[in-house]
Each structure stands twice: as C-alpha cells, then as structure tokens.
Amino acid sequence: MFELLKTSASSAARRGKLTTAHGAVQTPVFMPVGTQATVKSLTPAQVEETGAQIMLSNTYHLNIRPGADLIESFGGLHGFMKWEKPILTDSGGFQVFSLSKLRKIKEDGIYFSSHLDGSKLFLSPESCMEIQMKLGSDICMVLDECIPYPSKKDFVETSTDRTIRWAKRCLEHADKIGLPERNRLSFAIVQGSNFEDVRARCAQELSALNFPGYAIGGVSVGEPEEEMLLQVAASAPHLPQDKPRYVMGVGTPVQLLKMIALGADMFDCVMPTRLARHANAFTKDGVLNLRNAKFAADKAPLDESLLNYTTNFSRAYLRHLVMSDEMLGCTLLSIHNIHFFQDLMAQARSHIESGDFETWSTAWISRYNSKEA
RNA sequence: GGUGGGGUAUCCAAGUGGCUAAAGGGCGCGGACUGUAAAUCCGUUCGGGUAACCGUUCGCCGGUUCGAAACCGGCCCCCACCA
C-alpha cells in the first residue's frame with residue numbers, strides 16, 4: 001500500500017511511503033539494479049550501507065539462469081541472494097527492446113531465444129507473473145512491450161493496446177495465483193512512445209484497472225532528454241494520485257530531480273553501477289572520469305561532503321585501481337555512486353517535507369551543470 | 001669459437017623492392033554509457049600544420065637501385081643449440 005505523506009505546493013513533487021512484504025520504502029526512491037540477483041561488484045551489506053531501501057532484479061535473466069524453480073527452492077530471491085529488503089522484479093519487457101533480435105511478439109506473449117544458448121523461452125503475461133511469484137518479488141511488473149524510439153504512430157498504438165491487454169491479463173492472473181494475499185504488489189506500465197495522446201490514453205485505461213502501482217516505461221530508449229521529460233509529463237497526471245509512480249530505467253541525477261517535480265516517486269537505473277565499472281564517479285559538480293590523467297596525483301576524495309567507505313580513498317588511488325583493472329575499483333566506485341544517488345533522494349525527500357524542494361532542486365541542478373570538479 | 005634464429009614506432013608484433021609513416025594487439029590519451037547480452041564499446045596514438053602537405057623513422061655505417069624497413073657488404077647486440 002502507498003501513503004502520500006506530503007505534496008509540494010509549487011510542483012507535482014510528492015513525499016510518500018510504500019509498504020511491501022519486506023518493509024517500507026520512503027519515496028522518492030532510487031532503486032539500484034541487480035539484474036542477475038546481484039548489484040554488480042557489491043555485497044548485499046554494501047548495497048544496504050549506501051542507503052538503498054529496495055533493489056531491482058530481472059525475470060527474463062533469472063528465469064534463464066539459474067531458473068525460477070531453483071530460486072524458489074531457496075526461499076525466493078531474498079533467501080537466495082541474502083537481501084532482506086524489498087525487491088522489485090522487471091518483467092522482461094525491457095528485453096523486448098534490448099534483445100530485440102532474439103524475440104518474437106505474438107498476442108499470447110513473447111517468444112525469446114536465450115541470448116546464452118538459443119534455447120526457447122516463452123514469456124506470457126501469466127507465466128511472467130508466476131515466475132515473479134516464485135522469485136518472491138515484492139513488486140511484480142506486468143509484461144509489457146518496450147518499443148524503440150522513434151516508432152511510427154500506428155505501430156505505437158497497436159503495441160500499446162497489446163501492452164494494456166497484457167496488463168489486464170497480468171492483474172487477473174496475479175489475483176488467481178494469490179499475489180495480493182501475500183502482499184505482493186503488481187505494477188502496470190504506461191507505454192506510448194513519444195505520443196502524448198497515446199500516453200494519456202494508456203495511463204487512463206490502466207488506471208481504471210486499479211493496480212497497486214504504476215510505472216512509466218518506454219523512456220530512455222534513445223530519445224532526447226526533452227522528449228523523455230515530455231512523455232513523463234504526459235503520463236504522470238493521468239495516473240491515480242494515491243498510487244506510486246515509477247519511471248523505469250532512469251536516469252541522470254538531473255533527470256531524477258526533474259521527474260520528481262513531475263510527480264514521479266520511484267526510479268531505477270544501471271547508470272550508477274555501470275558508470276562506476278567504467279571509471280566514472282558522480283559528484284555535486286558533475287561526473288568525474290577517473291581515467292583522466294589529471295587525477296593521477298589528486299589527493300582529494302571523490303566528494304568531500306559525501307561520507308561513505310569510499311571517501312577514505314584518494315582520487316589518485318581510485319584512478320590507480322581503475323587503470324590497473326583491479327576489481328576493488330568497481331566496488332569502491334559503485335559504493336560511491338549508489339550512495340550519491342541515495343543521498344540525492346534523501347535530500348529530495350527532506351526538501352519536499354520542508355516545502356522548498358523546487359528552489360533547492362534548481363540550485364542543485366545549476367551547480368551540477370555549471371562546474372567541473 | 002661453430003651452427004641456426006633474431007634486432008620494426010612507448011611495449012609485443014606483421015611486413016622481404018614502389019600501393020608503407022609502416023597491419024594487428026597492448027600501454028597511454030580522450031569520449032560514450034539511462035527497466036544491464038556492458039569490469040563494455042568507440043576514437044586516437046612519430047614530430048609540425050585546420051588541411052593539402054612538410055620533416056624524421058624500421059640496430060649502426062656504407063653500397064646497389066629511378067625508388068629500400070625489405071637486396072648486398074662490414075660492424076654491434078640478443079636468443080637457442082653445439083664445442
């Protein structure tokens with residue numbers, strides 16, 4: 001269930017609390033991504049230390065390997081990976097986009113050939129919910145079709161209608177297999193590409209189905225940032241005020257703040273962890289590429305105002321780890337980057353509560369964009 | 001001392017007469033990354049110039065040739081085996 005604690009007066013920003021079977025999540029929230037039942041390079045304890053309240057995992061990948069039945073036999077993902085906080089699982093709808101050459105879509109579902117060995121995997125709205133139940137997911141995403149940008153409008157309409165039909169089937173099947181009784185939440189996903197009218201209609205039709213939560217999908221698929229924000233703005237107002245809104249797969253720190261102002265509550269993105277493995281560190285003054293020679297003898301920590309385990313180390317040492325391809329570099333930078341996102345969300349929550357979110361956010365963005373650390 | 005192999009740019013390495021400032025890698029330098037087929041991918045890497053182009057390179061010295069990293073002679077060095 002979702003509780004709206006405070007709504008901003010000068011924007012659509014909201015402060016809320018989402019309760020799941022594994023505890024409460026304070027929103028706005030950023031969820032680190034652990035596709036393969038691991039936030040890459042981090043132990044669950046390290047993920048927790050960053051302030052993460054909930055993490056993401058993936059139906060398609062885990063069903064292919066090691067398999068949903070196996071994970072279920074370990075007590076679901078929580079027991080398998082030893083993470084006791086909430087878990088949200090993506091449905092595999094994003095793999096429609098990212099593995100587009102390896103799948104076929106039909107009305108009954110998605111036919112994948114495994115990217116690992118070519119073996120067949122059929123994901124229907126129903127099987128998708130069953131797999132997520134076996135995974136023990138606290139928040140199960142409906143099976144959707146994440147389409148590329150740009151797409152032609154008639155295709156977008158056709159695809160979005162199918163996504164809506166599938167959402168309905170997911171919800172019915174969730175009821176049938178008993179997800180709600182176990183306090184497992186199902187979220188529907190708004191599609192519609194870059195067509196505001198399709199977005200609005202999709203959001204309205206899904207809202208009528210009374211899901212426990214809603215997501216805005218099909219963004220960050222290569223469109224310009226302005227378009228992304230426009231589509232979030234075109235979707236969010238048509239979703240129920242008293243349900244959480246999750247923008248899938250985003251974003252940069254600035255995008256998160258702008259989307260919070262548009263009424264978004266939840267986000268996930270591989271950006272902090274992927275950029276960490278690629279030697280980039282987030283700071284209040286922008287992103288640092290630690291491979292740059294200018295950090296070779298830099299004694300400063302990444303961000304002196306952000307205190308976490310990584311703060312103990314100099315930029316020079318972190319650069320050395322990165323240049324030497326040492327695993328610890330991935331770990332330390334991942335700790336830092338996720339903590340940076342968590343800290344940003346904590347500040348956002350606090351400023352929504354105190355009523356000055358918009359002015360704080362504007363100043364924060366301006367500093368982030370203006371300088372180079 | 002003998003026999004065989006070898007010395008190519010910052011490193012490894014291809015190249016045996018012109019299409020070679022010289023393939024490929026690596027290192028370095030820079031960039032990208034958004035519900036993770038990603039500890040990945042892309043660019044760049046002799047000096048000068050925006051460029052056309054100019055200058056200097058393939059152990060060293062000399063020679064053959066219109067033309068050489070490549071052919072010939074001498075020298076220096078490295079490796080393996082044999083004495």
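What you see is a predicted model; the values in this text were computed from it and never measured. Keep in mind that the numbers below use all heavy atoms, side chains included, and drop hydrogens, waters and symmetry copies.
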Open item on the list: Between B/C41 and B/A51, how far apart are the two C1' atoms, rounded to whole Å?
Closed with: 30 Å

TODO: Using the P atom on both, measure B/U56 against B/C79 and round to a whole Å.
DONE: 35 Å

Task: Rounded distance (Å) that lies between atom C1' of B/A32 and atom CZ of A/Arg277 - done: 15 Å

Open item on the list: Suppose you measure atom P in B/G55 against the same atom in B/A69; what distance do you get, rounded to whole Å?
Closed with: 15 Å

Task: Ring-on-base stacking B/U40 with A/His278 (under 5.5 Å, under 30°) - done: yes

Open item on the list: Ignoring hydrogens and geometry beyond distance, is a side-chain donor-acceptor pair present between A/Thr163 and A/Glu145 at under 3.5 Å?
Closed with: no

Open item on the list: If I pick the P atom on B/G4 and the same atom on B/G18, what distance separates them, to the nearest angstrom?
Closed with: 28 Å

Task: G-U wobble or Watson-Crick pairing nucleotide for B/G18 (cut-off 3.5 Å, both distances) - done: B/C66

Open item on the list: I'd like to know if A/Asp197 pairs up with A/Lys153 as an ion pair, taking the criterion as any Lys NZ or Arg NE/NH1/NH2 lying under 4.0 Å from an Asp or Glu carboxylate oxygen.
Closed with: yes

Open item on the list: At 4.0 Å (heavy atoms only), tell me whether A/Ile189 reaches a base, stays on the sugar-phosphate, or touches nothing.
Closed with: base

Task: Atom C1', compared across B/G30 and B/A14: separation rounded to whole Å - done: 28 Å

- [ ] Round to a whole Å and report the spacing from CG of A/Asp325 to P of B/G26.
- [x] 11 Å

Open item on the list: With a 4.0 Å cutoff (strictly under), does any side-chain N or O of A/Ser220 reach OP1 or OP2 of B/U34?
Closed with: no

- [ ] Select base, sugar-phosphate, or nothing to describe what A/Gln191 touches, counting heavy atoms under 4.0 Å on all strands.
- [x] base

Open item on the list: Any side-chain N or O of A/Asn289 below 4.0 angstrom from OP1/OP2 of B/G30?
Closed with: no

Open item on the list: Over all strands shown, is A/Asn58 touching base, sugar-phosphate only, or nothing at heavy-atom distances under 4.0 angstrom?
Closed with: sugar-phosphate

Task: Base of B/U36 paired with side chain of A/Gln36 (donor-acceptor, under 3.5 Å) - done: no

TODO: Ignoring backbone atoms, test whether A/Ser98 places a side-chain nitrogen or oxygen under 4.0 Å from the OP1 or OP2 oxygen of B/A37.
DONE: yes

Open item on the list: For the P atoms, the ones on B/A39 and on B/A23, what distance do you get once it is rounded to whole angstrom?
Closed with: 30 Å

Open item on the list: Output the rounded distance in Å from CG (A/Leu229) to P (B/U34).
Closed with: 16 Å

TODO: May I ask you to decide if the ring planes of A/His320 and A/Tyr317 are parallel, tilted or perpendicular, using 30° and 60° as cut-offs?
DONE: tilted

Task: B/C81: pairing nucleotide in any strand, Watson-Crick or G-U under 3.5 angstrom - done: B/G2

- [ ] Test A/Gln255 against A/Glu225 for side chain to side chain donor-acceptor pair (under 3.5 Å), laying out the working first.
- [x] CA-CA 8 Å; A/Gln255 287 165 358; A/Glu225 179 177 293; 2.9 Å; yes

- [ ] Would you mind pulling out the nucleotide paired to B/G73, Watson-Crick or G-U wobble, both distances under 3.5 Å?
- [x] B/C61

Open item on the list: Need one value for A/Leu99: base, sugar-phosphate or nothing, where a base atom within 4.0 Å counts as base even if backbone is also close, heavy atoms only.
Closed with: base

Task: Whole angstrom value for the distance that separates P of B/U36 from OH of A/Tyr60 - done: 12 Å

- [ ] Would you mind reading off the distance between A/Gln255 atom CD and B/C33 atom P, rounded to a whole angstrom?
- [x] 10 Å

Open item on the list: Here's a test of your reading of the structure: between A/Val219 and A/His115, which maps to the more 5' nucleotide of RNA chain B?
Closed with: A/Val219

Open item on the list: Tell me the interatomic distance from A/Phe94, atom CZ, to B/A38, atom C1', rounded to whole angstroms.
Closed with: 12 Å

Task: Distance between P atoms of B/G47 and B/A52 (Å, rounded) - done: 16 Å

TODO: Look at all strands and tell whether A/Asp268 reaches a base, only sugar-phosphate, or nothing, counting heavy atoms closer than 4.0 Å.
DONE: sugar-phosphate

Task: Distance flag, aromatic centroids of A/Tyr111 and A/Phe122, threshold under 6.0 Å - done: yes

- [ ] Provide, to the nearest angstrom, the distance between the CZ atom belonging to A/Phe282 and the P atom belonging to B/A32.
- [x] 12 Å

Open item on the list: Does this structure show an ion pair linking A/Glu353 with A/Arg349, if we count only N-O contacts that are shorter than 4.0 Å?
Closed with: no

TODO: Would you indicate what A/Gly218 reaches in the nucleic acid, counting non-hydrogen atoms under 4.0 angstrom: base, sugar-phosphate, or nothing?
DONE: base

- [ ] Flag the pair A/Glu107 and A/Arg165 as a salt bridge only when some basic side-chain nitrogen lies within less than 4.0 angstrom of an acidic carboxylate oxygen.
- [x] yes

Task: Cationic N near anionic O, under 4.0 Å, A/Glu196 to A/Arg201 - done: no

TODO: Have a look at A/Thr273 and say if it touches a base, only the backbone sugar-phosphate, or nothing, with a 4.0 Å heavy-atom cut-off.
DONE: base

Open item on the list: Just the rounded figure in Å: distance from C1' of B/A37 to CG of A/Leu121.
Closed with: 14 Å

Open item on the list: Taking any heavy-atom pair under 4.0 Å as a contact, classify A/Leu102: base, sugar-phosphate, or nothing.
Closed with: base

- [ ] Would you classify A/Met323 as touching base, sugar-phosphate or nothing, given that sugar-phosphate means primed atoms plus P, OP1 and OP2, and contacts are heavy atoms under 4.0 Å?
- [x] sugar-phosphate

- [ ] Answer with base, sugar-phosphate or nothing: what part of the nucleic acid does A/Arg103 contact at a heavy-atom distance below 4.0 Å?
- [x] nothing

TODO: Please state whether the phosphate of B/C29, meaning OP1 or OP2, lies under 4.0 angstrom from any side-chain nitrogen or oxygen of A/Asn292.
DONE: no

Task: Nearest-angstrom distance, P atom, B/U57 to B/U10 - done: 14 Å

- [ ] Using a cut-off of strictly less than 4.0 Å, decide whether A/Arg291 has a side-chain nitrogen or oxygen near OP1 or OP2 of B/U40.
- [x] no

